[in-house]
Amino acid sequence: MEKFGKSQSVERREDDRFLTGLGQYVDDTTPEGALHGYVFRSPYAHGVITSLDVEAAQEAEGVHLVLTADVLDQAGVAGKMEASLLENQDGKTAPNTDRFLLAKDKVRFVGEPVAMVFAESLAQARAAVEMIWLEIDDLPVHMEVGTGGTPLHDLAPDNVAFDWAMGDLAEMEAAKSEAAHVLSFEIADNRIICNSMEPRGCWANMEEGRLHLCVNGQGVWAQKEQLANMFDLPASEIRVTNPDVGGGFGMKAMSYPEYFLTAQATRMLGRPVRWMSDRSEAMLSDNAGRDLTSTATMALNADLKIIGYQVQTLANMGAYSGQFAQPIQTQLFSKVLTGLYDISVAHLQVTGVYTNTTQVDAYRGAGRPEAIYVLERAMDYAARALNVDPWDFRRLNFIPC
Amino acid sequence: MKIAMIVNGKSVSREVSDNTLLVEYIRDHLRLTGTHVGCDTSQCGACVVHVDGQAIKSCTMLAASAEGAAVTTVEGLAKSKDDLHPMQVAFKENHGLQCGFCTPGMIMTATDMVARYQAQGKEITEDAIRHELEGNICRCTGYHNIVKSIADGASKMTTV
Ligand code: FES
Ligand code: FES
């Protein structure tokens, strides 16, 4: 059919390759002869490590290297992952809790990497992982999205990762006291697992003295900088590439322990090394999304105009603060806090909490869909409570144009 | 052990361990990487190939079980780079793919489904397509355009 005018669809350049099986996803580009990495993950949600025995794994057939926190230490790799930290309400920076590439002293969630084996074949790497023996002293687990419980981190005694706020609380309180109606609603936004069809993966190789990390990520620069910091290398000695990626959804934007470990293995062994997550591992180790409970409070005048809007949120960080986790339900959430409505007084307070679960980080829109979800649910609930049509209620409160 | 089969019309033979899966044989030994692995639970369908004319999940079959069989992977579907299979064209024209990771499995499932329905003289309704896709998961598209693509591809495919 002849098409006329602007806005005609543009054909995708990549489709011919994808349709004929010539896509180049990360594991399609693994260098010949690469060793296979496989991760030993904590089967326990919370505990103090009393012993980690990797001797049998080291001696198993085909095994070239077993990385543990101790081995990294000896290699001079500090192993602490980077996280963006917020400024708390009291002006102090949120506690800089540790997240190591491989568990040191404690395990804090089921699926946490404890050791990584590199072997000739994947089957050998898996078999060797079966020979690893981890013993822990159990600690009570903290699963509830709330403060308190057995602390995961010494620096966060109440399991409070951060306490962040924006807006003028006094003005908000004044709006509430002037209001004809004050309505409060609790709105839960459950945790999701991202589940990109292509799981996470990477390979690393030393190329003319330069470290090359090929990872199915969503950009290369942050990754490169983090590798440089982790290994204390000049950035010029590192090359990071992204091949075709089988779905990212924000989940693949962040760095993960396995990428550093794979890179470290290639540095120690001087040969290519690859790691692909399987689906079960993805469920345990990929950054999760959402997982917050908000209480939205609306102050309305007698004409049902919103004169104040307040949100208090408990945001689950999981066991660790991920690379960009803290700014999501706070700064990013705040960008669209009041949506399309004419609301002049607003206040947002968020408490980030640590729990014995997989870390939570960016996922599809990161913070902004969550804010809109809370707001629009609250609009519906309020309309129902006030016995007015939800559309009329919205029209009444839209920013006029 | 030595395992031989015909893949995309060519006889191949490789020395592999006896527990090698068909998908490993295809990806790691033949280096035909169009067939993908998206799970370890036989659920996603990214690994679908045809074995003796039937769609199967290659992650769920031992290479040894395909000894002597005729296997078609997504690489074997187009006559040439410029002469794509009608189902491939339909996916392209209907935006039936985004990241493309599920796509090889989708296309192999689709061509099998159409061939079966046409052989039985049955109409491929939208409902039938959706039902037939129960073993293939896509995380990007929301399926609507995949279903459209398959219906379009079916109208252009003549297998009988
Ligand atoms: S890899 Fe075969 S069904 Fe998922
Ligand atoms: S197109 Fe990405 S999973 Fe289907």
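Just so you know, these numbers use all the heavy atoms, side chains as well, and skip hydrogens, waters and symmetry mates. Quick note on labels: first sequence line is chain A, next is B, and so on, each numbered from 1.
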If one checks every heavy atom of B:L84 against chain A at 4.5 Å, the contacting part turns out to be side chain
* Asked: Are A:D27 and A:T30 linked by a side-chain donor-acceptor pair shorter than 3.5 Å?
  -> yes
Are A:E198 and A:K252 within salt-bridge range, i.e. N to O under 4.0 Å?
yes
Could you tell me whether the side chain of A:T358 reaches within less than 4.5 Å of the side chain of A:S285, counting heavy atoms only? no
So that I can tick it off, tell me whether A:E281 and A:R200 are bridged by a salt bridge, with the cut-off set at under 4.0 angstrom between side-chain N and carboxylate O. no
Under 4.5 Å to a heavy atom of chain A? For B:L77 that would be neither
Bottom line for A:D16: the part with an atom under 4.5 Å from chain B's heavy atoms is side chain
So, the part of B:V89 with a heavy atom under 4.5 Å from chain A: the answer is neither
With chain B, the option among A:S121, A:S280, A:G247, A:S277 that has the most non-hydrogen atom pairs under 4.5 Å is A:S280
Contact list (residues 1-27 of chain B to chain A, heavy-atom gap under 4.5 Å, by number) returns B:R27
Are more than 12 heavy atoms from other residues, nucleotides or ligands located less than 6.0 Å from atom CD of A:E61? no
Honestly, the part of B:H95 sitting under 4.5 Å from a heavy atom of chain A is side chain
Okay, A:S196 and chain B: the region with an atom under 4.5 Å from a heavy atom over there is backbone
- Over-ring placement of B:R139 relative to A:F249, 6.0 Å and 45° cut-offs: yes
Of B:C44, B:G76, B:G100, the largest count of non-hydrogen pairs under 4.5 angstrom with chain A goes to B:G100
Discussion item. Side chains of A:D286 and A:Y256: any donor to acceptor distance under 3.5 Å?
Written reply: no
Salt-bridge test for A:E130 and A:R126: reply yes if a basic N is under 4.0 Å from a carboxylate O, no otherwise. no
So side chain to side chain donor-acceptor pair (under 3.5 Å) across residues 96-106 of chain B, not counting sequence neighbours, yields none
Please work out whether the ring planes of A:Y25 and B:F101 are parallel, tilted or perpendicular, with thresholds of 30° and 60°.
-> perpendicular
The interface call for A:R12 against chain B, heavy-atom contacts under 4.5 Å, is side chain
